[in-house]
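Here's the structure we're looking at; comments come further down.
The analysis underlying the following values was restricted to heavy atoms, covering all of them including side chains, and did not include hydrogens, waters or symmetry mates.
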Amino acid sequence: MSDLIDDPREGENAPEFSVTELSGAIKRMIEGEFSHVRIKGEIGRVSFPRSGHVYLDLKDDRSVIAGVMWKGVAARVSTRPEEGMEVVATGRLTTFPGQSKYQLVIEDLKPAGVGALMAMLEKRKAMLQAEGLFAQERKRPLPYLPEIIGVVTSPSGAVIRDILHRLRDRFPRKVLLWPVAVQGEQCAKQVANAIDGFNKMTPGGAMPRPDLIIVARGGGSIEDLWGFNEEVVARAAAASDIPLISAVGHETDTTLIDFVSDKRAPTPTAAAELAVPVRLDMLAWVEEQGARLTRGLEQGLRQRDQRLRDLARALPRADTLLQTPRQRLDAAGDALPRALQSGVQTRRVALAKSSGGLSGETLKRMIEIRRQKLGRHADRLSAEGLKRDITRRRERLENVVQRLKSLGEHRNQTLRNQIASLERMRGSLGYEATLERGYAVVRGDGAVVKTVEAAAQAHAIEIQFADGRLTVGQGESTAAASPAPAKPKPATKPKSKKAPPPEQGNLF
């Protein structure tokens, strides 16, 4: 019988699963067994899509596990994942049925030890240095005596007390404290916001802008100081328009903010010493300079007084200075009479020489020469010469008269034409031409009447028409024809006396 019945094959009686059922069973098993795990590895591929999620690979020398960090977790994780960073990821393992693979949903991400932190720090430091944020030429000098100092630190630590105590001892100044967390996940963000907030304050406002910023923190491990190694803090310090002193940790501690700040202080107390000078030292220096100035003035006055005395001793006496001029004056007074006599004698001799040439014969010869010249001129002034001269001048006069006559006639003709043109214009613009069109001028008692009231008050009214005038009133009406105005003759000369302009009145 056993030979007639085949034995069932292994698994032939196992239940059948759909793909979704099997994927769900695997998902529940994996999530149940690995609900919370910590994985140490090196970050491989990293991507940051616009959704805000972070996708990465964790790998070692033989295997790779895909990981995902959702948007909310990525925003609060202090360590930004970078390729090549060795980290410890905490999360839960799950599957992605759509692609038949499993992945780690990361809930926390931290560097794996000090070595990883230092490697990441060196990489970040090299990047910022390549951008020129560490260059010495971009660092600004600190103000010698700032009025207001802004301090970025924890309000409850000993750092702020040390800074205030040292400022009070050296030179009291106004201090604005911006409280921040100096370690932990919120440290970097709060410190960067504090530096940016101080720079956005208005100088001289209700909350005045500080002249100097001190970023301070006490000592600690590299993990405690890591917030000051974040890129956001370094860039905020580099972008600050206010000079900044970094005083993070002890003298042996070094963070990225120390490289980008304008001045690094080994301790917070040293930062306060760099911020302000010693007031007593300044007072002593001022007093010393005042004393030096007084001593210099006194010494200068003494030197000038001694110099003046030396010069006074070197000068001769006044009587000695006047001896030589007095002798010269006496010698000149003695020589003056002799010089006058000599001068008179010299001029007498010169006069005698000149008078020798003015003898009678000489004068006769000169008169004869003048008479001969006068005779030659008299010949030129004879009757014939005068006639020719008169004839020549008469011809010139006739030419001038002829030219003046021609110019006068032309000028007269021009004036006649102008007068004729003006007369035609006067006739066209005068009121007589208007009267010919049916209008009239009304006068009352010799004056032009412009209103009904004035016409009623007049004793007699005279109405001028184009062909004459009509008088109404005083018991009778008279009419007198007036001749039509004569047209101007274009050829007549203008009269010397202008005719008065026509009297204007109302036209009806």
Side-chain angles (χ1 to χ4, degrees), residues 138-183 187 190-220 225 227-228 233 236-255 257-294:
R138 62 166 296 276
K139 297 182 182 296
R140 289 150 299 184
L142 303 181
Y144 181 71
L145 187 60
E147 289 289 334
I148 301 172
I149 300 175
V151 179
V152 180
T153 188
S154 173
S156 59
V159 172
I160 185 62
R161 292 194 296 271
D162 293 342
I163 292 176
L164 293 177
H165 178 71
R166 184 49 58 105
L167 290 176
R168 191 182 306 111
D169 291 343
R170 291 175 65 87
F171 207 121
R173 298 281 87 186
K174 295 179 181 179
V175 177
L176 292 179
L177 173 63
W178 195 298
V180 296
V182 292
Q183 69 181 49
C187 172
Q190 292 183 9
V191 171
N193 290 338
I195 296 174
D196 185 60
F198 274 139
N199 280 271
K200 289 181 178 179
M201 288 183 176
T202 304
M207 184 65 69
R209 178 182 178 183
D211 304 314
L212 179 67
I213 297 177
I214 299 177
V215 180
R217 188 204 186 280
L225 302 179
F228 298 91
V233 175
S240 174
D241 294 330
I242 305 174
L244 187 144
I245 299 177
S246 62
V248 178
H250 298 300
E251 187 172 357
T252 57
D253 298 326
T254 304
T255 57
I257 193 174
D258 295 330
F259 295 99
V260 298
S261 62
D262 297 302
K263 194 73 175 180
R264 177 185 181 269
T267 61
T269 303
E273 295 176 356
L274 291 174
V276 295
V278 181
R279 184 172 181 271
L280 295 179
D281 292 346
M282 291 184 64
L283 292 176
W285 181 82
V286 171
E287 292 180 359
E288 181 183 357
Q289 296 302 316
R292 290 182 59 188
L293 181 61
T294 302

Separation between CG (Asp169) and CG (Leu164), nearest 0.5 Å, reads 11.0 Å
Which pair of heavy atoms, one from Phe198 and one from Gly150, lies closest together, and at what distance?
-> CZ-CA, 3.8 Å
Roughly how far apart are Ile163 CD1 and Glu273 CD, rounded to 0.5 Å?
-> 11.0 Å
Could you tell me whether the side chain of Arg209 and the main chain of Ile148 form a donor-acceptor pair under 3.5 Å?
-> no
Can you name the closest pair of heavy atoms from Leu167 and Ala272 and give their distance?
-> CD2-O, 3.9 Å
Gap separating the CG atom of Leu176 from the CD1 atom of Ile214, nearest 0.5 angstrom = 11.5 Å
Keeping the roles fixed (side chain from Asp262, backbone from Lys139), state whether a donor-acceptor pair exists under 3.5 Å.
-> no
Residue pair Val248 / Val215: nearest heavy atoms and the distance that separates them = CG2-O, 4.0 Å
Once you round to the nearest 0.5 Å, how far does CD1 of Ile242 lie from CG of Asp211?
-> 8.0 Å
Could you pull out the closest heavy-atom pair between Ala181 and Val191, with the gap in Å?
-> O-CG2, 4.3 Å
Can Ile195 and Trp178 be said to form a side-chain contact (heavy atoms from CB on, under 4.5 Å), step by step?
-> CA-CA 9 Å; Ile195 296 174; Trp178 195 298; over 6 Å; no
If only atom types and distance count, is the side chain of Arg217 paired as donor or acceptor with the main-chain N or O of Val182 below 3.5 Å?
-> yes
Would you please name every residue forming a side-chain hydrogen bond (donor to acceptor under 3.5 Å, both in side chains) with Ser240, sequence neighbours left out?
-> Asn199
Shortest non-hydrogen contact from Ala275 toward Pro146 | O-CD, 3.3 Å
Would you sort out whether His165 and Thr269 count as a side-chain contact (heavy atoms from CB on, under 4.5 Å), showing the intermediate values?
-> CA-CA 9 Å; His165 178 71; Thr269 303; over 6 Å; no
Hey, is the main chain of Thr255 close enough, under 3.5 Å, to the side chain of Asp258 for a donor-acceptor pair?
-> yes
Between atom CG of Leu142 and atom CG of Leu274, what is the distance when rounded to the nearest 0.5 Å?
-> 7.0 Å
Rounded to the nearest 0.5 Å, how far does OG1 of Thr267 lie from CG of Asp162?
-> 8.5 Å
More than 12 heavy atoms of other groups within 6.0 Å of Met282 CE | yes
Does Arg170 have any side-chain hydrogen bond (donor to acceptor under 3.5 Å, both in side chains) partners at least two apart in sequence or in another chain, and if so, which?
-> none
Looking at residues at least two apart in the chain, or sitting in another chain, which of them share a ring-ring contact (aromatic ring centres under 6.0 Å, His included) with Phe171?
-> none
Please report the shortest heavy-atom distance between Pro141 and Pro243, naming the atom on each side.
-> O-CG, 3.9 Å
Taking Arg138 for its side chain and Val260 for its backbone only, find out whether a donor-acceptor pair lies under 3.5 Å.
-> yes
